[in-house]
Amino acid sequence: VVRRERTRAKTKERALLRMENIVESLQASPTPVHKRISYAFTVWFPPHVLLYKEWGEVLISCGCVGQALPTFEALEIWDNLIMCYELLEKQGQAVALVKSRLESKPNDPRLWCALGDLLREDE
């Protein structure tokens with residue numbers, strides 16, 4: 001339901017509140033495994049990483065880019081983190097992040113494209 005609601009202007013706030021409740025319930029004390037195992041094959045629930053990523057995307061769509069920044073940083077989702085820096089007009093931090101990632105992955109074409117976009121270079 002949240003995925004549909006976050007695209008419409010009238011229901012964005014409701015989607016944000018629902019995702020916030022889901023994220024808060026994940027951060028609360030976890031349910032023991034022996035209680036969760038009985039539901040393992042009855043309900044599909046996405047992994048926590050995907051939920052947190054979607055939470056960050058909902059925050060961005062509602063204009064809360066600064067609040068989404070630590071989420072993507074903790075998950076190490078570099079593409080979205082670079083996009084957040086761009087939206088916040090923090091080009092220096094975005095370039096520094098891309099360059100540091102290029103040191104560990106020099107053959108990643110997405111990072112090279114992001115660096116070119118940030119520096120406005122065609123090379």
Side-chain angles (χ1 to χ4, degrees):
V1 175
V2 173
R3 290 181 182 132
R4 286 188 305 235
E5 289 185 345
R6 75 177 185 176
T7 58
R8 295 180 27 210
K10 291 183 178 181
T11 57
K12 270 187 184 181
E13 185 178 353
R14 185 170 48 199
L16 180 65
L17 291 173
R18 284 187 181 183
M19 277 302 292
E20 187 174 21
N21 287 337
I22 291 171
V23 168
E24 286 176 359
S25 67
L26 288 175
Q27 292 172 348
S29 60
T31 308
V33 175
H34 69 276
K35 289 186 178 180
R36 290 182 295 165
I37 198 71
S38 62
Y39 300 109
F41 297 107
T42 57
V43 177
W44 182 81
F45 195 76
H48 291 121
V49 174
L50 293 179
L51 281 175
Y52 284 117
K53 180 182 179 200
E54 192 166 341
W55 164 243
E57 290 170 355
V58 168
L59 286 171
I60 289 174
S61 71
C62 290
C64 302
V65 180
Q67 194 175 354
L69 198 65
T71 302
F72 292 130
E73 195 169 9
L75 296 174
E76 297 181 355
I77 303 176
W78 307 118
D79 296 338
N80 292 10
L81 188 59
I82 293 166
M83 181 182 64
C84 285
Y85 283 137
E86 284 183 278
L87 291 172
L88 292 172
E89 297 178 359
K90 295 183 177 183
Q91 304 301 90
Q93 288 180 316
V95 169
L97 174 65
V98 171
K99 286 182 178 180
S100 70
R101 295 302 305 152
L102 280 171
E103 289 176 9
S104 63
K105 289 186 169 184
N107 295 326
D108 190 350
R110 291 180 300 169
L111 290 174
W112 285 106
C113 289
L115 184 63
D117 290 342
L118 290 167
L119 299 176
R120 308 280 192 264
E121 295 178 4
D122 292 334
E123 296 178 21

With the 4.5 Å side-chain cut-off for hydrophobic clustering, are Val23 and Val49 part of the same group?
yes
Side chains of Leu69 and Tyr85: closer than 4.5 Å at any heavy-atom pair?
yes
Atom of Met19, atom of Leu51 and distance for their closest heavy-atom approach:
CE-O, 3.5 Å
For Leu16 and Trp55 the tightest heavy-atom approach is O-CZ3, 3.6 Å
Following the transitive rule for hydrophobic clusters with a side-chain heavy-atom cut-off under 4.5 Å over Ile, Leu, Val, Met, Phe, Trp and Tyr, establish whether Leu88 and Ile77 coincide in one cluster.
yes
At what distance, to the nearest 0.5 angstrom, does NZ of Lys90 lie from CG of Leu97?
12.5 Å
Heavy-atom distance under 4.5 Å between the side chains of Arg110 and Asp79, does that happen here?
yes
Would you indicate whether Glu24, at its atom CD, is surrounded by more than 12 heavy atoms from other residues, nucleotides or ligands within a distance under 6.0 Å?
yes
Value rounded to 0.5 Å, distance of CG in Asn80 from CD in Glu57:
5.5 Å
Heavy-atom distance under 4.5 Å between the side chains of Phe72 and Ile60, does that happen here?
yes
Decide if atom CD of Glu13 counts as having more than 12 heavy atoms of other residues, nucleotides or ligands within a radius under 6.0 Å.
no
For Pro106, does its backbone N or O pair with a side-chain atom of Trp112 as donor and acceptor, under 3.5 Å?
yes
Derivation of the side chain to side chain contact (heavy atoms under 4.5 Å, CB included) call for Arg101 and Asp108
CA-CA 9 Å; Arg101 295 302 305 152; Asp108 190 350; over 6 Å; no
Joint hydrophobic cluster, Leu50 plus Met83, side-chain heavy atoms closer than 4.5 Å
no
Nearest 0.5 Å please: distance from the CG atom of Leu115 over to the NZ atom of Lys99.
6.5 Å
Given Val98, which of Asp117, Leu81, Ile82 fulfils the side chain to side chain contact (heavy atoms under 4.5 Å, CB included) condition?
Ile82
Report the distance from atom CG of Leu59 to atom CD of Glu20, rounding to the nearest 0.5 Å.
8.0 Å
Between Cys62 and Lys12 the two heavy atoms that sit nearest each other are SG-O, 3.8 Å
Nearest atoms (heavy-atom pairs only) where Cys84 meets Ala68
SG-CB, 4.4 Å
